[in-house]
Amino acid sequence: MDQRRRWIFLSLTVAAVVAWALSQQMAARSSQVEPVETVPLESAHQGGAPVVVELFTSEGCSSCPPADRLLAELAEQPLEGIEIIPLSLHVDYWDRLGWKDPFSSPRFSERQRRYGELLSLRNVYTPQMVVDGRREFVGSDRTRALREIKAAAHRGNPEIDVEVLERGPQTTALSIRLDQMPRDYKSPLKLMLAVTENGLSSNVARGENSGRHLRHDAVVRLLQSKVRIPEDKQDALDYRTSVQIESDWERSQLRIVAFLQDGQGAIHAAGSTALQ
């Protein structure tokens, strides 16, 4: 073997030995790392971990119909062990651009602007999805939505028991119960109450969606702040209240939603029930 070939052979041998030594060192280090315990979602929260998913949308926005369809899909509860509570909030700032959304409200626009401040956004937009008041993203992003919902479920927010006590012709009496108050909030909580309706639709005559028939589920018909809960409250929450049901709302399609939200926007407990 000539000198050149000997040099090449020696170099390859040294490289192989160094690579083997490094691999052994890395394996030794990895063996010292403690394993991370993981809990399957379906067994972590028996009965379904509640996660509130808000969609800020508008019939005047051409990018919103895919997000509306995604929210309807989430309402079908695609994730085992997680109760997804959808809220479709139609903002009103699109109304001046050609088509007035019949389900829009300035209150929903203000709620979105408040999220923008709390989440340090430069501006708000549609469609925008907010999960448990903590994370936001483009409302038609299905992959991101499922990922954020699973992450929210791991926090283990307790479930509020919402019970219909009496169904009057216009007013519905409710019981709101929570056996164990959350412990990780740093500001007083507000009990929020919403009424949502499924199966709504519009034939849009003007604007970016002109000529389209749009269908909506989980449309927020009513959103109220009911009571402020002090920071030092330790016992169970047991609250009686009532909501006004308008005559043009289809009762068979209505749901009552209750959730606890702190001053930073984070949701700490939630629950819902069908009105009928």
Side-chain angles (χ1 to χ4, degrees), residues 44-56 82-89 105-120 129-136 148-149 151-168 171-196 218 220-245 254-275:
H45 308 289
Q46 297 298 326
V51 177
V52 176
V53 179
E54 299 176 70
L55 175 66
F56 294 95
I82 303 175
E83 180 194 2
I84 299 173
I85 301 177
L87 299 175
S88 178
L89 300 113
S105 168
R107 182 168 187 183
F108 303 153
S109 300
E110 177 56 35
R111 181 171 176 81
Q112 186 186 27
R113 281 191 288 269
R114 179 58 177 159
Y115 272 136
E117 296 172 359
L118 294 172
L119 298 173
S120 301
M129 197 167 278
V130 180
V131 173
D132 265 357
R134 303 169 190 255
R135 302 298 295 270
E136 68 83 29
E148 296 294 353
I149 290 169
H154 272 298
R155 284 191 291 269
N157 288 343
E159 183 176 4
I160 296 176
D161 179 30
V162 183
E163 181 183 358
V164 177
L165 299 177
E166 183 179 355
R167 300 171 180 84
T171 303
T172 296
L174 302 169
S175 166
I176 310 294
R177 284 191 54 83
L178 183 61
D179 293 334
Q180 182 65 50
M181 290 292 295
R183 292 286 183 265
D184 60 341
Y185 63 98
K186 298 180 180 180
S187 61
L189 297 175
K190 287 184 179 180
L191 173 62
M192 304 293 296
L193 198 66
V195 179
T196 68
V220 176
R221 289 297 211 168
L222 176 72
L223 181 64
Q224 296 178 332
S225 175
K226 281 294 184 179
V227 64
R228 184 177 181 271
I229 300 172
E231 296 178 63
D232 59 351
K233 182 174 178 56
Q234 300 294 321
D235 55 343
L237 175 68
D238 190 353
Y239 182 70
R240 300 290 189 275
T241 187
S242 61
V243 292
Q244 189 82 10
I245 304 299
L254 299 181
R255 292 192 69 83
I256 309 295
V257 176
F259 56 96
L260 294 177
Q261 189 165 33
D262 69 21
Q264 300 304 309
I267 293 174
H268 296 268
S272 69
T273 189
L275 179 60

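These numbers were taken from a predicted model, which means no experiment stands behind them.
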Test Met192 against Gln224 for side chain to side chain contact (heavy atoms under 4.5 Å, CB included), laying out the working first.
CA-CA 6 Å; Met192 304 293 296; Gln224 296 178 332; over 6 Å; no
Just so I know, are the side chains of [X] and [Y] near enough to count as touching, which here means a heavy-atom distance under 4.5 Å?
X: Val162; Y: Val257; result: no
X: Ile229; Y: Met181; result: yes
X: Lys226; Y: Tyr239; result: yes
X: His268; Y: Gln261; result: no
X: Asn157; Y: Asp132; result: yes
X: Ile176; Y: Leu191; result: yes

Residues two or more places apart in sequence or in another chain: which of them pass salt bridge (charged side-chain N to carboxylate O under 4.0 Å, His left out) with [X]?
X: Arg167; result: none
X: Glu54; result: Arg111
X: Arg107; result: none

Rounded to the nearest 0.5 Å, how far apart are CZ of Arg221 and CG of Leu254?
8.5 Å
Can you tell me how far the CD1 atom of Ile149 sits from the NE2 atom of His154, to the nearest 0.5 Å?
13.0 Å
For Ile267, does its backbone N or O pair with a side-chain atom of Asp262 as donor and acceptor, under 3.5 Å?
no
Partners meeting side-chain contact (heavy atoms from CB on, under 4.5 Å) with [X] (sequence neighbours left out):
X: Ala269; result: Pro158, Ile160, Leu178, Leu260
X: Thr172; result: Val164, Leu174, Val243, Ile245, Arg251, Leu275
X: Arg255; result: Thr196, Ser272, Ala274
X: Leu165; result: Glu163, Ala173, Ser175, Arg240

Can you name the residues that form a side chain to side chain donor-acceptor pair (under 3.5 Å) with [X], not counting sequence neighbours?
X: Gln112; answer: Tyr93, Gln128
X: Gln264; answer: none
X: Ser242; answer: none
X: Arg114; answer: Glu117

Evaluation steps, side chain to side chain contact (heavy atoms under 4.5 Å, CB included), between Val195 and Ile256:
CA-CA 5 Å; Val195 179; Ile256 309 295; 3.8 Å; yes
Out of the candidates Leu87, Leu189, Ile85, only one should pair with Phe259 under the side chain to side chain contact (heavy atoms under 4.5 Å, CB included) rule; please name it.
Leu87
Return the minimal non-hydrogen interatomic distance between [X] and [Y], and the atom names on each side.
X: Gly133; Y: Leu119; result: O-CD2, 4.4 Å
X: Val130; Y: Arg134; result: CG1-N, 4.3 Å
X: Ala270; Y: Val52; result: CB-CG2, 3.6 Å
X: Val51; Y: Ala153; result: CG2-N, 3.8 Å
X: Glu148; Y: Val131; result: O-CG1, 3.9 Å
X: Phe56; Y: Phe108; result: CE2-O, 3.5 Å

Derivation of the side chain to side chain donor-acceptor pair (under 3.5 Å) call for Lys190 and Ser225:
CA-CA 7 Å; Lys190 287 184 179 180; Ser225 175; 4.6 Å; no
